[in-house]
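Worksheet: one structure, shown below.
Below, chains carry the letters A, B, ... as their sequence lines are ordered, and counting in each starts from 1. Reckoned from all heavy atoms, side chains included, excluding hydrogens, waters and symmetry mates.
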Number of protein chains: 2
Amino acid sequence: MAIGRSPSVKDVAASAGVSLGTVSNVMNRPEVVSPATRERVERAMAELGFVRNESARQLRAGTSRTLAYVMLEGSNPFFHDVAAGIEMAAEDSDLSLFICNSNGRSGREEVHLDRLMQQRVQGILITPVDPGARHLADIAKRGIPVVIVDRVGEGGAFCSVAVDDVLGGRIAVEHLVEQGHTRVAVIGGPESIGQVRERLEGARQVWAELGMKPDDLTYLPTSEMTVAEGRSAGERLAGLPARRRPTAAFCANDLLALGLLQQAIGAGLRIPEELAIVGFDDIEFAAAAAVPLTSVRQPRQELGRAAAGLVLDEATNPAHEHQQLTFVPELVARASTVARARSY
Amino acid sequence: MAIGRSPSVKDVAASAGVSLGTVSNVMNRPEVVSPATRERVERAMAELGFVRNESARQLRAGTSRTLAYVMLEGSNPFFHDVAAGIEMAAEDSDLSLFICNSNGRSGREEVHLDRLMQQRVQGILITPVDPGARHLADIAKRGIPVVIVDRVGEGGAFCSVAVDDVLGGRIAVEHLVEQGHTRVAVIGGPESIGQVRERLEGARQVWAELGMKPDDLTYLPTSEMTVAEGRSAGERLAGLPARRRPTAAFCANDLLALGLLQQAIGAGLRIPEELAIVGFDDIEFAAAAAVPLTSVRQPRQELGRAAAGLVLDEATNPAHEHQQLTFVPELVARASTVARARSY
DNA sequence: ATCGGCGTCTGAAACATTTCAACCCGCCCC
DNA sequence: GGGGCGGGTTGAAATGTTTCAGACGCCGAT
């Protein structure tokens, strides 16, 4: 029913017997219009079911009321938690948040960014496939605020918010060594992912510094950061000769760790006695695993919140300077590494 | 750098020495413009770094190129999988997808819907807090296509795509009875959530039909559908006197089931021998739990895809008729109910 | 009386695009 | 050589909002 285009300011103005400008004022600066007319206009709006046309507003204003987040992997709850943090901040500034998912593919990422530019979003938050990509630099050059999330931008060309991944890798492996492990596996990949590279790097660093034998740190590469790949890594681990087999594993994210955990339990291993496992991210399901997972916590929502703050600053503050925020990761020890850890 | 507003069609036209209309044609109907001019215009666009202003396009065209999905609970991966399905369909039609999250609160839902109307989205997909809510009906009355996802709309006022929740509850409990259980717990809540109501309803139906004693079906209500509530239900379960204590539980979603599972294992119960567990949704983490979880699978992405199809039909096909699509849920038996189930 | 100022309201311009009727020009056909 | 045709291009109108310079009426002060 109720067919026909939706009513415009003009219709409201006619119905209330005032001019266009007045209707606009009622919406945007109610204090300048007399209570009587305001009331009349508001009634007219309600009667006609008027809904402001955001495209027109935006066209005239030149700026939209939305932020966008392009996440790296929709299947990893970590990114949804980051998004939730951004959303809260956006909400506080009365902005909408547009969420996209590049799924790790640079092509999709570019398509999304293109669309976002067409929409003239106020700012773009992104966990990029490659922080050095041309299309990112191009956007920034246009003057659109871009903030890199969970990676640090190259050469300070962008604001960024991240956790110190090298440090994260360090504390994870340090913890395992403290628990008495002398043979450790590090699991993750592909190394084209910056986060992976740095976490593994941290692991190697601290391994060397603690004076452990280089050969006793086994790297098991994966092709993705998924539960399935974690299981597969578990199988490879089990295939190693007993005397060389690691007694603990550090996985570059929780999805891998969860897969490994499941495979290990299925194979009858006792956790953590026969295999200790540390993950990364501390997603909600890490604590909820049947053997609660020790993990390197990133302040997920905080990350998002801070990133939103930076993008807003860049959008509104003329004196804005790019900054690289780094959060400190924190080890959350649970039963997957400590025999009788209190679990939550 | 590169300050100043971004170039418009007019600038491109000037730079290429043609009229506005021609530039527009290059973008929208390239076949009507001669290869030579087209080439010239395209070069000008590239040089100036022209990006079409979507607001202006939309204002003139009266219609946007975006769909929206308002999900019920951002913390439940199930909805993200539905969203992924929608996104694929949107992609096929060259539409963008705007994702919002009401977090179960009717107020947020309304705010989001309001914004979406202002943006003149092509259609709205929503898993509503309450499918009977006024604001939903209002939107539909305006002629904006609305499709209810994972619930069926009341009185056929909307298109909807859902799984037969009653049937889902039936097959879950039927499965438990087949495994020889005679005392079963059903866990979920609050009952204000329609999905919960129907799943429990199905459970009760089949329990009666199979001639089981009504008193042997224990209902443990929860205040939310979260992992934490699942654990708490587990504690209440453990508190029941042994002779009345159920030997199996049907949880209204996987998050609850995961929490219950974890609590039970922590308490030293053997799964499924001492407690069998069935969840609902079959989210990815269900299979990845340390004791892989038996669950009632909903075709998550399919749900989203189908919903997108309906909303598009309603948006473009004048002869559109509302329809209620119902998918059939499917039991996926894993180790949490069947002692030596193959796990994946 | 005149003036200034204030509170309220108006009307038109501007935003960037799409669409459409009209136009131009060269060509072919009669 | 005139008429018609059709491909290519133009120019202007239209979309719904915001903004801004001004108009209007009224009051108090000069």
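Using a 4.0 Å cut-off, no side-chain N or O of A:Ser24 falls inside it from OP1 or OP2 of D:dT17. Phosphate proximity of D:dT18 to A:Arg29: absent, as no side-chain N or O sits under 4.0 Å from OP1 or OP2. Remark: A:Arg52 is in phosphate contact with D:dT18, judged by side-chain N or O atoms under 4.0 Å from OP1 or OP2.
Comparing D:dT10, C:dT10, D:dT18 by their nearest atom to the side chain of A:Asn25 picks out C:dT10. Of the candidates C:dT10, D:dT18, D:dT10, C:dT10 carries the atom nearest the A:Ser19 side chain, counting heavy atoms from C-beta on.
Of the N and O atoms on the side chains of A:Ser15 and A:Glu47, not one donor lies less than 3.5 Å from an acceptor on the other residue. Side chains of B:Arg57 and B:Asn28: a donor-acceptor N/O pair is absent below 3.5 angstrom, by distance only. Between the side chains of B:Asn101 and A:Glu87, no donor-acceptor pair is found at a separation under 3.5 Å. Side-chain contact check for B:Gln195 and B:Asp150: at least one donor-acceptor pair (N or O, by modelled atom type) lies under 3.5 Å.
With hydrogens and angles left out, the side chain of B:Arg60 and the base of C:dT18 share a donor-acceptor pair within 3.5 Å.
At a threshold of 4.5 Å between non-hydrogen side-chain atoms, the residues B:Thr66 and B:Leu97 do not count as touching.
In this structure, A:Leu59 atom CG and C:dC15 atom P are separated by 9 Å, rounded to whole Å. In this structure, A:Leu48 places its CG atom 14 Å from P of D:dG16, rounding to the nearest Å. The distance from atom CD of B:Gln58 to atom C1' of D:dT17 is 14 Å, rounded to the nearest whole Å. Put simply, CG on B:Asn53 is 12 Å from P on C:dC15, counting in whole angstrom units. Spacing between atom CG of B:Asn28 and atom P of C:dT17 amounts to 11 Å, rounded to whole angstrom units. Rounding to whole angstrom units, CG of residue A:Leu20 and C1' of D:dG16 are separated by 9 Å. Atom pair A:Gln118:CD and C:dA16:P shows a separation of 15 Å (rounding to whole Å applied). Between A:Glu54 atom CD and C:dA16 atom C1' there is a gap of 16 Å when expressed in whole angstrom units.
Across residues 7-14 of chain A, A:Ser8, A:Val9 each have a non-hydrogen atom less than 4.0 Å from an atom of DNA chain D (numbered order).
Within 4.0 Å of B:Ser34, counting heavy atoms only, lie sugar-phosphate atoms of the nucleic acid but no base atom. Contact annotation for A:Thr37: backbone-only contact, meaning every heavy-atom pair under 4.0 Å involves sugar-phosphate atoms and none involves a base.
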B:Ser64 and B:Gln119: CA distance, side-chain angles, deciding distance, side-chain hydrogen bond (donor to acceptor under 3.5 Å, both in side chains) verdict: CA-CA 8 Å; B:Ser64 78; B:Gln119 318 224 36; over 6 Å; no
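Sorted by first and then second residue, the ring pair (Phe, Tyr, Trp, His ring centres under 6.0 Å) pairs with a member in residues 28-72 of chain A form an empty list; sequence neighbours excluded.
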